[in-house]
Amino acid sequence: MKADHFDQQKLLALAAEDVALAQLAHRRRTLPELAAVESATAAERELADAAVRAETGVRDLQREVARLEADVETVRARARRDQGLLDSGSVSAKQMTDLQHELQSLARRQSDLEDSELELMEQLETAEKELAEAQEGRAAAGAELERAEQRRDDALADLADGTARHEQARADAAATIPPDLLALYERIRAQTGGTGAAVLKARQCQGCRIELFGKELAAVRNADPHEVLRCDNCGRILVRTAESGL
Ligand SMILES: [Zn+2]
């Protein structure tokens, strides 16, 4: 295949854009901001779980305290009723003794219940403090996650800008290249997964870094400048310039 020597050199601009686009794609895949969002998400989720656990703990204790308060109230009501009966003077001597015993036992029961309630109130206070801390931690983690997402979005927007610029430059470069030469370049590019042409610099193919010598070098040296040459090693179109060392 033959193509104008200068058109062949235009392939280098196209290849440079393909390299830039591949680098941008690689950066997009390996963006540290993506990993940062992932770990911030995990941290936020963990603290949210801790807050939910703390909330449950507080609610359980509150329920327990309410239950004890109800028990205390039941005991008090019973004591009030007993005391009322005693005060009414309408009970027999035996009933009076029984009521007095019951009042003593109710007083003990009330005291025990109040002790337990006090203990629970202390536990509740501690649990409420832990809950406040957990909620604070969760809020801080949520704010950090938002910042991480913002940084990621900024980085992605930068990459999108760069990609759009290089895609335009690539299209501009491609528009100046004869269709059959461009088609060959694209075919090779699909095979190499990178670029379809490389410059020959100081006798070295810059696509695969293999240096030409012997018969191969002689063939390149003697070839018509408009002949489209390919690297025997990587298959890329080998573009000759003043720096090719021929
Ligand atoms: Zn090569």
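Atom set for the values below is all heavy atoms of this structure, side chains included, hydrogens, waters and symmetry mates excluded. When a ligand or atom number is given, it counts from 1 through the structure's own listing order. Nothing here was measured: the structure is a model prediction, and the numbers come from that model.
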Notebook entry, point to check: Of Thr195, Asp18, Asp180, which meets side chain to side chain donor-acceptor pair (under 3.5 Å) against Tyr185?
Noted result: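 Single side chain to side chain donor-acceptor pair (under 3.5 Å) partner of Tyr185 among Thr195, Asp18, Asp180: Asp18.
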Margin query: Between the side chains of Asp7 and Lys10, is the shortest nitrogen-to-carboxylate-oxygen separation below 4.0 Å, so that they form an ion pair?
Written below: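 Yes.
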Scan side-chain atoms only and decide if [X] and [Y] contain a donor-acceptor pair under the 3.5 Å cut-off.
X: Glu114; Y: Gln110; answer: yes
X: Gln8; Y: Asp4; answer: no
X: Gln204; Y: Gln206; answer: yes

Next item on the list: Check side chain to side chain donor-acceptor pair (under 3.5 Å) between Arg165 and all other residues, then give those that pass, not counting sequence neighbours.
Entry: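 Residues passing side chain to side chain donor-acceptor pair (under 3.5 Å) with Arg165: none at all.
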Check: Which protein N, O or S atoms lie under 2.8 Å from the Zn ion (ligand 1)?
Finding: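 Listed by chain and number: Cys205 SG, Cys208 SG, Cys231 SG, Cys234 SG.
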